[in-house]
Every structure is written in structure tokens, then in C-alpha cells.
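Values below: all heavy atoms of this structure, side chains included; hydrogens, waters and symmetry mates excluded.
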Amino acid sequence: MIKEAQAKSAPAVNYQASADLFPCRSRKTKRPVSYRRFDTAAEAVRFAIEELPAPLLLGTYLEVDEKRFDSEGIRHLYESAKYPLPRLAAE
């Protein structure tokens with residue numbers, strides 16, 4: 001989980017707004033991942049954290065309401081107390 005100070009400084013985002021996800025392109029992955037549009041930012045954040053291969057997340061960015069979030073920002077959004085979806089259980 002993120003530290004309390006980081007949670008307070010996390011940028012506000014409307015998790016219900018539509019979102020654009022721009023994954024990093026990598027030659028090392030077997031399946032190509034390209035731009036995706038999501039109905040909600042929450043779904044885009046979940047996809048980025050739970051489904052994208054870790055090497056691709058590093059160069060990925062998310063755009064919501066004309067705000068951009070890099071991989072660290074996406075992770076902060078996922079770990080935020082305001083994130084509305086259930087999180088993947090830690091293994």
C-alpha cells in the first residue's frame with residue numbers, strides 16, 4: 001500500500017470518467033498491446049495493474065479528463081482509498 005503522505009498528495013481523478021490507456025510498445029512480448037479506450041478510469045487502472053505485463057506498465061500512461069498519469073501515477077490511483085473496484089488479492 002502507499003504511504004499516508006502519498007495518498008494525500010495523489011491527484012484527484014474521476015474514476016467514473018472515460019479513459020485512454022497508451023501501453024508502452026515492447027519487442028520482448030509475444031502479444032502486441034495497443035491503445036485502448038475504457039468506459040471508466042477505474043477499469044483502465046485495473047487493466048493496467050492487473051493484466052498488463054510488468055515490463056509494459058513501465059512506459060504506459062493513462063489519460064483521464066485531460067490529465068496524464070505515468071506508471072507510478074497509475075499505481076497510486078490503484079492503491080488509493082478512493083479506488084472503487086475490488087483489488088486483486090496479494091499472492
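Taking the salt bridge (Lys or Arg N to Asp or Glu O under 4.0 Å) definition, one finds that D20 meets it with R37, sequence neighbours left out.
Ring geometry, F22 versus Y35: the interplanar angle falls from 30° to 60°, so the pair is classed tilted.
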Inset, instruction - Output, in order, the C-alpha distance, side-chain angles, deciding distance and verdict of side chain to side chain contact (heavy atoms under 4.5 Å, CB included) for T40 and Y15. - result: CA-CA 6 Å; T40 68; Y15 284 102; over 6 Å; no

Exercise. In sequence, state the C-alpha distance, the side-chain angles, and the governing distance for S71 and L58, and then conclude on side chain to side chain contact (heavy atoms under 4.5 Å, CB included).
Key: CA-CA 5 Å; S71 59; L58 188 58; 4.2 Å; yes

### Message
side chain to side chain contact (heavy atoms under 4.5 Å, CB included), that's the test. Do L77 and L62 meet it? Break it down for me.
### Response
CA-CA 11 Å; L77 293 173; L62 173 72; 4.0 Å; yes

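If you take CD on E43 and CG on L85, they are separated by 7.0 Å, rounding to the nearest 0.5 Å. In this structure, CG in L52 is found 8.5 Å from CZ in R36, a value given to the nearest 0.5 Å.
Shortest non-hydrogen contact noted between A44 and A19 is CB-CB, 4.0 Å. Residues V64 and N14 approach most closely at CG1-O, 3.9 Å, considering heavy atoms.
Using modelled atom types, no side-chain atom of D65 and backbone atom of K67 make a donor-acceptor pair closer than 3.5 Å. In this structure, T60 contributes its side chain and L56 its backbone to a donor-acceptor pair below 3.5 Å.
The shortest distance between side-chain heavy atoms of R75 and V45 does not fall below 4.5 Å.
Taking the six-membered ring for Trp and the full ring otherwise, F69 and Y61 have centroids separated by 6.0 Å or more.
Stacking of R46 on the aromatic ring of Y78 is not recorded, the 6.0 Å distance cut-off and the 45° axial limit not both being met.
Looking at E50 and R87, no side-chain N of the basic residue comes within less than 4.0 Å of a carboxylate O on the acidic one, giving no salt bridge.
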